[in-house]
Amino acid sequence: MKVLKIIGKGLAIILGIVIVLLLITSIYYRLKAHNIMSQLKNDGYCNLVSAGEYKLNALKVGNENGKHKIVCCSGLNDGTMNFAWRNMTKDIEKDNQLIFIDRAGYGFSEDTKTDRTVEQIVEDYRTVLKNMDEEGPYILLAHSIGGLYSTYWQNKYPDEIEDVIFMDGSLCTYIDEEKNRKEKKKWYALNVAEKVGLESIFMKSVYGALADIDSMTNKELDMNVYMFSKTTGSHANMSEVNLEYQNAKTVLDNLKPNDIPKLFIDATYSFDEKPEFKETYWTPLEEKIGKCEYVPLHGKHAIYMDRTEECAKIIKDHIDSLE
């Protein structure tokens with residue numbers, strides 16, 4: 001009995017130490033995130049616009065009287081878009097207006113428990129633009145899963161869309177239930193880590209796999225990591241993860257070809273090097289989506305940061321060709 005009591009006391013002490021350490025990491029993380037968000041607010045990166053029951057962060061940059069109106073749609077969990085994309089978009093902004101809209105739970109946008117179906121997400125984008133008095137047609141500039149939502153948008157409301165540019169956009173033909181299950185495990189773990197203030201530690205390695213963090217200053221890295229981490233702790237982000245397969249199926253089941261110009265920048269799929277992948281996933285989508293130019297630009301998934309100048313030139317040349 002004495003041995004059991006000693007073991008019990010030892011475990012209680014260890015548990016107490018773990019709880020104290022988690023409390024410290026959580027407080028540190030919240031303070032650091034708060035300071036970064038305050039600085040970004042002071043720098044003008046926060047502009048909340050109603051999407052109905054919640055508000056989304058919608059930042060307008062570039063030439064207000066420009067030739068085109070470009071709506072930017074981020075990848076999964078990316079609450080950094082309105083500053084992380086700007087090195088790529090700076091030349092594009094000279095002749096065009098860009099509108100960065102963070103989805104619910106992303107960056108400064110308010111969180112929600114409303115299911116993140118593709119239909120709801122696209123209606124959120126449209127409602128925010130309406131409340132900003134920004135009429136189409138729009139060019140959609142989308143990264144990763146933002147490409148999924150943009151595919152649905154241009155298919156559902158073709159009169160609103162002038163052009164779609166996918167930066168390594170998610171292929172609705174490639175997302176299946178098994179992949180979705182694996183994704184859920186990873187994002188659930190990060191969601192829990194965010195709650196106890198540990199995610200920024202893990203996120204540096206995760207973010208390093210997405211982009212070239214060696215080229216960032218410490219301030220830039222902190223901005224990206226902490227805003228990325230904050231987003232993963234939201235209800236809305238986890239709902240997107242849970243509904244990824246369902247949303248992909250909805251897009252694919254309703255997809256019809258149209259004549260809207262489209263550009264697909266391939267960073268990681270390597271269609272030109274994997275003929276079997278191209279035949280299984282890309283060709284069926286290309287046939288269903290209609291007119292789409294394919295351009296290989298191999299690099300990391302966050303191609304807008306990995307190969308910034310090349311990506312910007314491809315996008316700018318494509319936009320200029322629309323005139």
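When a residue number appears, it is its place in the shown sequence, counting from 1.
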Quiz item: How would you list, by chain and number, every residue that makes a side chain to side chain donor-acceptor pair (under 3.5 Å) with Tyr29, sequence neighbours excluded?
Solution: Glu194
Exercise. Taking the side chain as every heavy atom from C-beta outward, state whether Tyr152 and Ile121 have any atom pair closer than 4.5 Å.
Key: no
Practice problem: Return each pair, listed once, that meets salt bridge (charged side-chain N to carboxylate O under 4.0 Å, His left out) where at least one residue sits in residues 50-67; pairs must be two or more places apart or across chains. | Solution: Lys60-Glu134, Lys67-Glu323
Quiz item: Quick one: do the His318 and Asp163 side chains pair a donor with an acceptor below 3.5 Å?
Solution: yes
Quiz prompt | Under 3.5 Å side-chain donor-acceptor pair for Asn242 and Tyr188 | solution = yes
Practice problem: Return the set of residues passing salt bridge (Lys or Arg N to Asp or Glu O under 4.0 Å) with Asp124 (not counting sequence neighbours), or none when no residue passes. | Solution: Arg116
Practice problem: Can you sort out the partners of Asn247 under side chain to side chain donor-acceptor pair (under 3.5 Å), two or more places apart, ordered by chain and number? | Solution: none
Practice problem: Please list, chain by chain and in numerical order, all residues satisfying side-chain contact (heavy atoms from CB on, under 4.5 Å) with Asn191, sequence neighbours excluded. | Solution: Lys195, Met238
Exercise. Enumerate the residue pairs fulfilling side chain to side chain donor-acceptor pair (under 3.5 Å) with a member in residues 225-236, sequence neighbours excluded, ordered by first and then second residue.
Key: Glu199-Thr232
Quiz item: Got a salt bridge between Arg126 and Glu123, using NZ or NE/NH1/NH2 to carboxylate O under 4.0 Å?
Solution: yes
Practice problem: Ignoring hydrogens and angles, state whether a donor on the side chain of Asp115 or Gln120 is under 3.5 Å from an acceptor on the partner side chain. | Solution: no
Quiz item: With a 6.0 Å cut-off on ring centres, are Phe100 and Tyr45 close enough?
Solution: no
